[in-house]
Student: 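Quick one: structure below, then a few questions.
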2 protein chains.
Amino acid sequence: MYICPMYSSELIKGTLKTIVLKLLSETEKMYGYEITQKVKELTDSKIVITEGALYPLLHQLEAEGVVTTETVNIGKRVRKYYSLTQTGNERAKEKLYEFADFMNTMNILLDLKPGVNYV
Amino acid sequence: MYICPMYSSELIKGTLKTIVLKLLSETEKMYGYEITQKVKELTDSKIVITEGALYPLLHQLEAEGVVTTETVNIGKRVRKYYSLTQTGNERAKEKLYEFADFMNTMNILLDLKPGVNYV
DNA sequence: CAAATATACATAAGAATATTATGTATATGC
DNA sequence: GCATATACATAATATTCTTATGTATATTTG
């Protein structure tokens, strides 16, 4: 289920966890498929999360106690909701802060104009 | 030669090529060690490029015709200068444009205020 | 002047994170 | 009825980086 992402995959690498934590931090609970669709929608299909990357990450976050799960039956199908724990909320803030700082550093390094559209 | 980088390495992943191409695009020629020092200096040691990552990348870029090399003897030591080819200059522009666009997308996705300091 | 640190290259083993492919199954639109 | 969408999962592979190691010369400092 690969739909030509706009960016060379290198760039997206490493941002997935930050994206997932951010979305969960503002929506109480979300299920995997929902996350992929939300990201696709918000980025106009520029970033497309693959299942092979997302599900293992979610499982890892659960094992770390960052998220808890709740399985709901939708008709005969199963849906697995993820929500942040208290630890998860802190982790989300840390990750967002780190990313913002990283972007500042990259702006300086690459000499991009902060502010307006970088494009 | 690992000097605790400020960011979790995940984030830096994928940006190395962009950084190197950017530096080479504004300095005619640079050698590997010089690149590591310049990045350290410009980022206040927040981003530290390791040799194990840099040298293989430079070799790859040369193999792709993105850079050409010039070996200079400094005393009894060898220094290998890298400079962008014409193809390399275009590649650098593409990479920078892509990265700027990626940052915009991430700003929207993560709901960070564009403009001022993201921190 | 000896030892530590800095300069300068290179590569190999291993870890982390993603892609691609595959599998299973139900639901919906045409 | 068939294609597409929803919804999960995992395994094989690829990519990119860290860590470690190796070689060698130059400079600083106690």
Side-chain angles (χ1 to χ4, degrees), chain A residues 1-21 29-41 45 47-64 67 69-82 95 102, chain B residues 1-21 29-41 45 47-64 67 69-82 95 102:
Chain A
M1 193 151 303
Y2 182 71
I3 309 168
C4 172
M6 177 165 182
Y7 306 115
S8 59
S9 59
E10 312 163 355
L11 283 183
I12 298 170
K13 241 174 208 177
T15 60
L16 182 57
K17 195 182 285 181
T18 305
I19 292 171
V20 169
L21 291 178
K29 61 176 181 173
M30 290 182 88
Y31 54 100
Y33 187 74
E34 190 185 5
I35 293 175
T36 65
Q37 297 308 300
K38 191 75 182 171
V39 170
K40 208 162 128 182
E41 179 201 324
S45 292
I47 297 178
V48 176
I49 295 182
T50 59
E51 298 150 299
L54 180 62
Y55 290 118
L57 173 63
L58 288 173
H59 300 163
Q60 182 205 309
L61 291 175
E62 190 183 7
E64 288 172 9
V67 296
T69 61
E70 183 192 346
T71 301
V72 176
N73 290 320
I74 304 293
K76 286 183 181 175
R77 221 159 36 186
V78 170
R79 191 180 281 176
K80 204 167 165 186
Y81 280 98
Y82 291 85
K95 274 285 167 189
F102 177 67
Chain B
M1 193 152 302
Y2 181 70
I3 309 168
C4 172
M6 177 165 183
Y7 307 115
S8 59
S9 58
E10 312 164 353
L11 284 183
I12 299 170
K13 240 173 208 178
T15 60
L16 182 57
K17 195 182 287 181
T18 305
I19 293 171
V20 169
L21 290 179
K29 61 177 184 175
M30 291 181 87
Y31 54 100
Y33 187 75
E34 190 185 7
I35 293 175
T36 66
Q37 297 309 300
K38 190 75 183 171
V39 169
K40 210 162 127 182
E41 179 200 324
S45 291
I47 297 178
V48 176
I49 295 182
T50 59
E51 297 151 299
L54 181 62
Y55 289 119
L57 172 64
L58 288 172
H59 300 163
Q60 182 204 310
L61 291 175
E62 189 182 8
E64 288 172 9
V67 297
T69 61
E70 183 191 348
T71 301
V72 177
N73 290 321
I74 305 293
K76 284 184 182 177
R77 222 161 31 189
V78 170
R79 190 180 282 176
K80 203 167 165 186
Y81 279 98
Y82 291 84
K95 274 284 168 193
F102 177 67

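Chain letters run A, B, ... following the sequence lines, proteins first and then strands; every chain starts at 1.
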Student: Tell me the interatomic distance from B:Lys29, atom NZ, to C:dA8, atom P, rounded to whole angstroms.
Tutor: 13 Å

Student: Closest-nucleotide mapping onto DNA chain D: is A:Val78 or A:Pro56 further toward the 5' terminus? I mean the 5' end.
Tutor: A:Val78

Student: Any side-chain N or O of B:Tyr31 below 4.0 angstrom from OP1/OP2 of C:dA8?
Tutor: yes

Student: What's the spacing between A:Leu11 CG and B:Leu11 CG if we round to 0.5 Å?
Tutor: 11.5 Å

Student: Closest to the B:Lys13 side chain: D:dT10, C:dA16, D:dT6?
Tutor: C:dA16

Student: Would A:Gln37 and A:Glu41 count as a side chain to side chain donor-acceptor pair (under 3.5 Å) if you check the C-alpha gap in whole Å, the side-chain angles of each, and the deciding distance to 0.1 Å?
Tutor: CA-CA 6 Å; A:Gln37 297 308 300; A:Glu41 179 201 324; over 6 Å; no

Student: State which of C:dC9, C:dT26, D:dC8 makes the closest approach to the side chain of A:Lys76.
Tutor: C:dT26

Student: How would you label the contact of B:Leu57 with the nucleic acid (heavy atoms, under 4.0 Å): base, sugar-phosphate, or nothing?
Tutor: nothing

Student: Indicate, with a heavy-atom threshold strictly under 4.0 Å, whether B:Gly52 touches base, sugar-phosphate, or nothing.
Tutor: base

Student: Tell me the interatomic distance from A:Arg79, atom CZ, to D:dA5, atom P, rounded to whole angstroms.
Tutor: 17 Å

Student: Would you say a side-chain N or O of A:Tyr55 is under 4.0 Å from OP1 or OP2 of D:dA9?
Tutor: no

Student: To the nearest Å, give me how far apart CG (A:Leu11) and P (C:dA18) are.
Tutor: 13 Å

Student: Under 4.0 Å: is that the gap between some side-chain N or O of A:Lys80 and OP1 or OP2 of D:dA9?
Tutor: yes

Student: Quick one: B:Ile47 CD1 to D:dT18 C1', roughly how many Å, whole number?
Tutor: 16 Å

Student: Under 4.0 Å between a side-chain N/O of B:Thr50 and OP1 or OP2 of D:dT18, yes or no?
Tutor: yes

Student: Would you check if A:Tyr33 and A:Leu54 make a side-chain contact, meaning some heavy-atom pair closer than 4.5 Å?
Tutor: no

Student: If I take atom CG in residue B:Leu16 and atom C1' in nucleotide D:dC17, what distance separates them, rounded to the nearest angstrom?
Tutor: 9 Å

Student: Considering non-hydrogen atoms only, spot the tightest contact between B:Thr15 and B:Ile12 and give its length.
Tutor: OG1-O, 2.5 Å

Student: Taking for each residue the nucleotide of DNA chain C bearing the nearest heavy atom, is the 5' side occupied by B:Arg77 or by A:Gly75?
Tutor: B:Arg77

Student: Measure CD1/A:Ile49 against C1'/D:dC8 and give the value in whole Å, please.
Tutor: 16 Å

Student: Under 6.0 Å from the NZ atom of B:Lys38, do we count more than 12 heavy atoms belonging to anything else shown?
Tutor: no

Student: Rounded to the nearest Å, what distance is computed from the CD atom of residue B:Glu51 to the C1' atom of nucleotide C:dA12?
Tutor: 14 Å

Student: How close or far is atom C1' of D:dA5 from atom CD of A:Glu34, stated in whole angstroms?
Tutor: 15 Å

Student: Would you indicate which nucleotide in C:dT11, D:dT6, C:dC9 comes nearest to any side-chain atom of B:His59?
Tutor: C:dT11

